[in-house]
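What's counted below: heavy atoms across the whole structure, side chains too, no hydrogens, waters or symmetry copies.
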Amino acid sequence: MTTPRRSARRLVRRWWPVALAVPLGAAAGAGYAVVSHPSYAASAYVLVVPQNPGEAAIATNFAQAYGRLAGQPQVLTVAAAETGHTRARLESLVHGTTSPDAPMIEITGTGTRPQEAAQTADAVARSLVSFANASSKDTDVRLVTLAPAAEPDRPTTPSAKLDVAVGGAAGLLVGALVMMTRRRVEAAAPTAAREAPESAETPAVAATPTAPRPRTEEPPAAERAEQTAQTAKAEKGTKAEKVGKPGAAEEPPAKEKAATGSGR
């Protein structure tokens with residue numbers, strides 16, 4: 001086999017988890033983009049106008065404040081009655097965005113249809129303008145609708161390109177993890193093979209159980225009597241032999257010796 005083929009086979013054996021996981025992840029992302037429900041977004045723009053000329057900074061500050069109020073119950077209650085959504089549902093569909101250097105508020109509404117997204121954004125924008133202009137004498141600023149929301153041409157989510165890219169990245173991560181795990185297993189296999197013969201050469205010494213020593217059985221009563229009789233006969237014979245030997249007479253006690261000496 002030529003060297004390029006060997007290199008190719010080596011690369012395939014090493015990188016096949018990544019090569020398999022990336023296309024599968026991209027296919028999963030594309031499938032999600034196909035089966036998921038589309039979501040549309042539309043934006044309406046509200047401008048803060050100062051009552052006195054030359055107070056653009058004040059108008060910008062009020063734009064920041066009213067931008068935060070776009071998602072509050074004071075504004076959403078009126079818009080919810082107009083759109084037919086509950087206030088909690090409308091709160092999840094609308095958010096306001098402001099600019100730090102322009103007295104303008106962007107109100108973005110979302111929905112499952114383009115018309116729903118545009119109607120939601122316009123309803124919240126009108127409610128915010130009405131709420132702010134009720135206190136214009138105190139704030140010296142007025143809110144006007146700069147541009148109503150336009151119906152979007154395409155959904156914002158799902159995005160086929162983004163979902164495919166996310167799926168491919170997830171597949172790359174999973175494949176890399178699988179490849180690292182395989183390398184660790186392959187690196188640990190030779191070590192285990194080297195340690196196995198060493199452990200096999202040293203057999204385990206099994207602990208030999210110590211059997212209890214058997215108790216000596218006592219002889220029957222007749223045998224014990226016979227043994228006792230034989231022992232007694234042996235002792236009598238030994239005494240008789242000692243008496244029959246010359247010079248084996250027993251010496252008199254010490255008191256008899258003393259009496260004999262005094263009589264002399």
Check: [Y] and [X] side chains under 4.5 Å, non-hydrogen atoms:
X	Y	value
Thr97	His95	yes
Pro114	Pro152	yes
Val129	Tyr66	no

More than 12 heavy atoms of other residues, nucleotides or ligands under 6.0 Å from CG of Asn52: is that the case? yes
Write down the atom of [X], the atom of [Y], and the distance for their closest heavy-atom approach.
X	Y	answer
Ser99	Gln64	O-NE2, 2.7 Å
Val141	Ser136	O-CB, 3.3 Å
Ala70	Gly96	CB-CA, 4.4 Å
Pro17	Val178	CB-CG1, 3.9 Å
Ala149	Ala42	CB-CB, 4.0 Å

What is the distance from atom [atom1] of [X] to atom [atom2] of [Y], rounded to the nearest 0.5 Å?
X	Y	atom1	atom2	answer
Arg113	Gln119	CZ	CD	7.0 Å
Leu162	Thr156	CG	OG1	11.0 Å
Ser92	His85	OG	NE2	9.0 Å
Gln115	Glu151	CD	CD	4.5 Å
Thr77	Gln72	OG1	CD	10.5 Å

Cluster overlap [X] with [Y], hydrophobic side-chain contacts below 4.5 Å:
X	Y	answer
Leu173	Val18	no
Phe131	Ile107	yes
Leu69	Leu76	yes

Would you find a donor on one side and an acceptor on the other, under 3.5 Å apart, between the side chain of [X] and the backbone of [Y]?
X	Y	answer
Thr110	Leu93	yes
Ser127	Val124	no
Thr120	Gly109	no
Thr86	Arg89	yes
Asp122	Pro148	no

Ile58 and Asp140: CA distance, side-chain angles, deciding distance, side-chain contact (heavy atoms from CB on, under 4.5 Å) verdict: CA-CA 9 Å; Ile58 296 177; Asp140 291 334; over 6 Å; no
How about Ser43 and Thr108: does a side-chain donor come under 3.5 Å of a side-chain acceptor? yes
Compute whether any side-chain donor of one residue and acceptor of the other, for Glu116 and Thr112, lie under 3.5 angstrom apart.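 On atom types as modelled, these side chains qualify, holding a pair under 3.5 Å.
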Tracing side-chain contacts under 4.5 Å among Ile, Leu, Val, Met, Phe, Trp and Tyr outward from Met104 reaches Tyr45, Leu47, Val49, Val144, Leu146
Is any NZ, NE, NH1 or NH2 atom of the basic residue among Glu82 and Arg126 found under 4.0 Å from an Asp or Glu carboxylate oxygen of the other? yes
